[in-house]
**Q** 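A single structure is presented below for examination.
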Amino acid sequence: MSIYYHENTKTFHLTNGAVSYLMKVLPNGALGQLYFGQAIRDREDFDHLLEMRCRPMSSCVFEGCGSFSLEHCKQEYPSCGSTDFRHPAVELRQPNGSRITDFVYRSHTVTSGKPPLEGLPATYCEADGEAETLTVHLEDELLQTSLYLSYTLFAGQPVLARSARLENHGGLELHLTAAMSLSLDLPDSGYEFVHFSGAWSRERHMKVRRLEQGIQSVESARGHSSHNHNPFIMLRRPGADEERGEVLGFSLVYSGNFLAQVEVDTWDTARVTLGINPFGFDWKLSPGGVFQTPEAVMVYSCQGMGEMSRTFHRLYRSRLARGQWRDRPRPILINNWEATYFNFTEDKLISIAQAAREDGVELFVLDDGWFGARCSDLAGLGDWVANPDRLPGGITRLAERIEALGMKFGLWFEPEMVNKDSDLYRAHPDWILHTPDRRTSFGRNQLVLDFSRPEVVDCIYNMMARILSEAKVSYVKWDMNRSITEAYSAALPPDQQGEVLHRYILGVYRLYDRLTKRFPHVLFESCASGGGRFDPGLLYYAPQGWASDNSDAVERLKIQYGTTFCYPVSAIGAHVSAVPNHQVNRVTPLSTRADVACFGTFGYELDLNRLTAEERAQVRSQIAFMKEYREVIQFGDFYRLLSPFESNFTAWMVVSKDRRTALVGWYRVLNEVNGPYRRVKLRGLDPALDYAVDGGVRRGGDELMRLGLLTTDSAAGERQPDEPAACDFDSHIFVLKA
C-alpha cells in the first residue's frame, strides 16, 4: 500500500493493489482529477490523462492561455464561479457578497492509520498497516481560509474514504453554503445511475436510469436521511450485473439532509458530488472557525455489484460498527409492539415473555407506552419515567422479572421527540424546533426537540442514563417518528439558523456517543418509523437498525434485497410478525415469514400465546435453526441471486468464511400452474468441494455454481406422492455443507 507524490509533475497516486486514485496540481494551483479505478502501476508522469484543449466560447483562467479552462478540466474539489459553470463542491459567501474562491495547493502529509472526525461517525482502523491517510492542504490566500482534503486508503480493499475540513484563519466572517464530502469528475458518462428510493414501509427499492446530460440526483431535505431516498448510489456500466462489469459505489456516513448528485455536461463528462444537502444550509464560519464535513466512502469494483456490496459489508461490519456487539451474533428477540400496542400490563408482558422463553427466545423488548402519561400517541413523550399504573415496580422490577425467566431485557425510547401533553414540554416549551410567530406543525402528534442545544441533549441523556443505570437493560431500540419542520432554534442568532439541521444531527450523535460509552454492554438498534434513518452514520453507534416498519414477508423481499447493496446482513433488523399482516393485511405462511426474517437480526413481533401448538413447534424449530446458523448468516459473505424487482422469484445466499457452509434463501411470490423446471446458479462456493444439500444429495461446488441448484417443485407438472404442495408466498432455505 503506497501513497506516492511525484514532485516534478506534482502528481499524487494512491494505490494498494486493488485500486488506484490519481490527481495532480493544476496550473492554477487547484487539484485536478486524473483517474479512479482498477489498480495500475505507478509512474512519475500521468500528465497525458489531463486533457486541455481550447474550445469555442470557453472562459479561460489565464489571460492569453486559451487551453486552460476549468469548464473542460476534471477537478478534485471544484470551487465556485471561475470558468467552471458546473455545480461546485464548496461555496463561501463573503462579506462583500462574492462567492468566488481560489483554493490552491500548499502542502500535504501522509500518515499511517486514520484519524477520527471530531463529533462525526466515520470508518476507522485498529491495527498498524490497515490504512494510510493523505491530507492535502489548500488555501485561499485572499480569504486566509484553509481547505484540508482527506483521503484514507485501506489495505487490500478497493475503498477510499474522503472528507473535507475548512478553517478560517483570517478576520472575515464567512458563510459556508456548500461543503460536499466528495466530488469526483469522471471522463465519460457511460453509466447507469442506481439509487434506492421509496417511502414509509417500502424503503430502498432499487431504481435504475441511464445517465443523460443534465443533473440526476436524490436527496433528503427532511432533517434525516429519510425513507424516501438513501445516502447511497451506484454508477454501473451498462451490462454490469452481480458478477461482471465496472461499478462505482458512493456512500455518505451521515444521518441528516444529504445530496447525491451526478451532473453530466454537454461534453458527456460526469461529476459526482455527495455530501450535506446545500438546500437551506448556511454555516457561519467566523474567524478561527472550523467546519468538518461528514465522511464519504467510495468503492470500486470490476467484478460487478456483488463484489462492491461485499466490500461495503466487510468495511461497515468491522470498521464502521463498533463496540462489544460488533462481532457477536445478535440475540433472538421478541417485541411486544404488534402484540399489544399500548394495551398492556406488567403481567401481560410477563406472559408473552414466558411463552417466548419456552420456545427459545433470548431477549424481550418492551416497546412504546411504558412511560409518563403514555396511553396513546397523544401524550408522554419526553417524560422518560415509568408509568406506575402500568408498571408498579417500574422498569427495574420488570427487567428483574424478565431476567429471572432466563432472558435479557430491552427497552424502547424516542429521545428526540416530545408531546405537547408532557411534563417536559410544560416546563420547557422553548425546547422544541419552532419558528417564532408561526404555526408549529405536528407529526404523529409530536414535536421535535431542539437537539442543536446542549442543554436539551443533557436533559434527555440524564433521564435515559438513570433508567439504564438502575435497571438491567441489555438492549435499546432508539426510535424517531417524524421529519423535521420549522427548523428554527430559539438558541441561535438569525445568521446561524442555516446551521440548525446539521447541529441537530451532531446533537443526536453526541447523545449516542455518551450512552454507548457509558453503557458499552447495551446493544443499540436504530429505528425511525422503520427505515427513516437507516444509514451508515447510525451504524457507527448502533450495529443494527430496524429496516422497515413493514414486516410482511413479501414486501420485505424487496426491502431487504435493496438494503444489501450497501449494508451488511448483521445490520438489518428483521422480524416475524402476526397475520393478517398489520401493514398490508396479507396472510403468508409462518415458515416463509421466518425464512425471510432470518436473513437479518432475527426476532418476533407477536404474542406466541396466540399461536396453535403446531405453530409453536414451528417457532421452536425456527429459533433452533437460527441459533445454529446465525453466525454464518450475519457474518458470512452475502450473494444476491434472483431479484424481486425483476421476477416472481427472489433468491440470495450466504457463505461462511471457510466456504464449507452455505444457506440459500429461495422465495416465490405467486404459485405457478404446470410451470417450467427451475434452477438457481449459486456463487461463492469452493469449486473443489462437494456439498450435501439439505443433508442429502451431494453436489460439487463447481456444478452448483455453473449448472445451478435445482429448485423445481410440485408447481412444475403434477404433484408427486408425499411431495409438499406448492403455494403462494412459498419459500425454502437450502442448507449446504461441505
Side-chain angles (χ1 to χ4, degrees), residues 33 36 76-78 86-91 120-123 159-164 177-186 189 191-199 203-236 247-265 269-281 293-301 305 308-309 312 316 320 483 501-502 505 531-539 562-563 565-567:
Q33 163 53 221
F36 172 53
E76 190 58 29
Y77 201 76
R86 294 167 291 180
H87 283 225
V90 60
E91 187 178 71
L120 285 165
T123 56
V159 175
L160 196 64
R162 297 178 55 177
S163 65
T177 56
M180 306 309 286
S181 299
L182 169 155
S183 182
L184 177 67
D185 284 352
L186 298 168
S189 61
Y191 295 93
E192 292 173 329
F193 180 83
V194 186
H195 59 98
F196 298 86
S197 302
E203 296 90 345
R204 292 174 297 286
H205 283 208
M206 185 179 183
K207 308 291 182 180
V208 182
R209 46 185 154 139
R210 182 69 182 264
L211 283 186
E212 299 287 352
Q213 291 177 3
I215 293 175
Q216 291 93 158
S217 66
V218 291
E219 64 180 340
S220 173
R222 306 175 71 93
H224 56 109
S225 52
S226 85
H227 304 83
N228 304 66
H229 301 290
N230 198 261
F232 165 70
I233 62 170
M234 294 188 297
L235 294 183
R236 70 181 187 190
V247 181
L248 309 178
F250 304 92
S251 174
L252 185 65
V253 186
Y254 189 60
S255 307
N257 286 357
F258 74 92
L259 173 67
Q261 176 176 290
V262 184
E263 180 177 4
V264 179
D265 67 14
T269 62
R271 171 170 291 175
V272 183
T273 50
L274 180 64
I276 293 174
N277 197 339
F279 179 76
F281 173 79
T293 73
E295 179 172 270
V297 177
M298 309 187 334
V299 168
Y300 173 82
S301 171
M305 296 180 292
M308 179 218 64
S309 294
F312 272 115
Y316 282 1
L320 180 61
S483 298
L501 289 174
H502 182 57
I505 292 297
R533 208 162 58 185
F534 196 100
D535 56 63
L538 289 189
L539 188 56
T563 301
F565 277 90
C566 183
Y567 304 98

**Q** If the test is side chain to side chain contact (heavy atoms under 4.5 Å, CB included), which one of Val247, Leu235, Val208 qualifies with Glu192?
**A** Val208

**Q** Taking the inter-plane angle between the rings of Tyr567 and Phe534 on a 0 to 90° scale, is it parallel (under 30°), tilted (30 to 60°) or perpendicular (over 60°)?
**A** perpendicular

**Q** According to the interplanar angle, ranging from 0 to 90°, do the rings of Phe232 and Phe196 count as parallel (below 30°), tilted (30 to 60°) or perpendicular (above 60°)?
**A** parallel

**Q** Roughly how far apart are Met308 CE and Leu248 CG, rounded to 0.5 Å?
**A** 10.0 Å

**Q** Judged by atom type as modelled, is there a donor-acceptor pair below 3.5 Å linking the side chain of Tyr77 to the main-chain atoms of Met180?
**A** yes

**Q** For the pair Arg271 (side chain) and Pro88 (backbone), establish whether a donor and an acceptor sit closer than 3.5 Å, ignoring hydrogens and angles.
**A** no

**Q** May I ask you to decide if Ala199's main-chain N or O and His227's side chain share a donor-acceptor pair within less than 3.5 Å?
**A** no

**Q** Heavy-atom distance under 4.5 Å between the side chains of Phe193 and Ile233, does that happen here?
**A** yes

**Q** Taking all non-hydrogen atoms of both residues into account, name the closest pair between Pro121 and Val253 and its distance.
**A** O-CG1, 3.6 Å

**Q** Flag the pair Val159 / Val297 as yes when at least one side-chain heavy-atom distance between them is below 4.5 Å, and no otherwise.
**A** yes

**Q** Are Leu182 and Phe250 side-chain neighbours, meaning at least one heavy-atom pair lies under 4.5 Å?
**A** yes

**Q** Checking side chain to side chain contact (heavy atoms under 4.5 Å, CB included) for the pair Ser197/Asn228: CA distance, chi angles, key distance, verdict?
**A** CA-CA 5 Å; Ser197 302; Asn228 304 66; over 6 Å; no

**Q** Check side chain to side chain donor-acceptor pair (under 3.5 Å) between Arg204 and all other residues, then give those that pass, not counting sequence neighbours.
**A** Thr563

**Q** Give a yes-or-no answer on whether the side chains of His87 and Thr273 include a donor-acceptor pair shorter than 3.5 Å.
**A** no

**Q** With distance as the sole test, does Ser301 use its side chain to make a donor-acceptor pair with the main-chain N or O of Met305 at under 3.5 Å?
**A** no

**Q** Indicate whether any N or O donor in one side chain lies under 3.5 Å from an N or O acceptor in the other, for Thr177 and Glu91.
**A** yes

**Q** Could you please spell out the steps behind the side chain to side chain donor-acceptor pair (under 3.5 Å) verdict for Tyr316 and Ser251?
**A** CA-CA 11 Å; Tyr316 282 1; Ser251 174; 2.8 Å; yes

**Q** Can you list the steps and then say if Thr269 with Glu263 is a side chain to side chain contact (heavy atoms under 4.5 Å, CB included)?
**A** CA-CA 8 Å; Thr269 62; Glu263 180 177 4; over 6 Å; no

**Q** Can you see which heavy atom on Thr123 is nearest to which on Ala161, and at what distance?
**A** OG1-CB, 4.1 Å

**Q** Which atoms form the tightest heavy-atom contact between Asp265 and Gln213, and what is the distance?
**A** O-CG, 3.4 Å

**Q** For residues His195 and Phe565, establish whether the separation of their ring centroids is below 6.0 Å.
**A** no

**Q** Without hydrogens or angle criteria, can the side chains of Glu219 and Asn277 be said to hold a donor-acceptor pair below 3.5 Å?
**A** yes

**Q** Using a 3.5 Å distance criterion without hydrogens, assess whether the side chain of Gln33 forms a donor-acceptor pair with backbone atoms of Leu186.
**A** no

**Q** Between the side chain of Gln216 and the main-chain N/O of Leu211, is any donor-acceptor distance below 3.5 Å?
**A** no

**Q** Looking at every heavy atom in both Pro536 and Leu320, which two are closest together, and how far apart are they?
**A** O-CD2, 3.4 Å

**Q** Tell me if a side-chain donor or acceptor on Thr293 pairs with a main-chain N or O of Ser163 at a distance below 3.5 Å.
**A** no

**Q** Please name the pair of heavy atoms, one in Pro294 and one in Ser181, separated by the smallest distance, quoted to 0.1 Å.
**A** O-OG, 2.6 Å

**Q** When you measure from the side chain of Asp185 to the backbone N and O of Glu76, does any donor-acceptor pair fall under 3.5 Å?
**A** no

**Q** Hey, is the main chain of Ser226 close enough, under 3.5 Å, to the side chain of Ser220 for a donor-acceptor pair?
**A** no

**Q** Does any non-hydrogen side-chain atom of Met298 lie less than 4.5 Å from one of Phe36?
**A** yes

**Q** Kindly indicate whether the side chain of Leu259, heavy atoms from C-beta on, has any atom under 4.5 Å from the side chain of Pro278.
**A** yes

**Q** Closest heavy-atom contact between Phe258 and Ser225?
**A** CE2-O, 3.4 Å

**Q** So Ser483 and His224, side chain to side chain donor-acceptor pair (under 3.5 Å) or not? Walk me through it.
**A** CA-CA 7 Å; Ser483 298; His224 56 109; 2.6 Å; yes

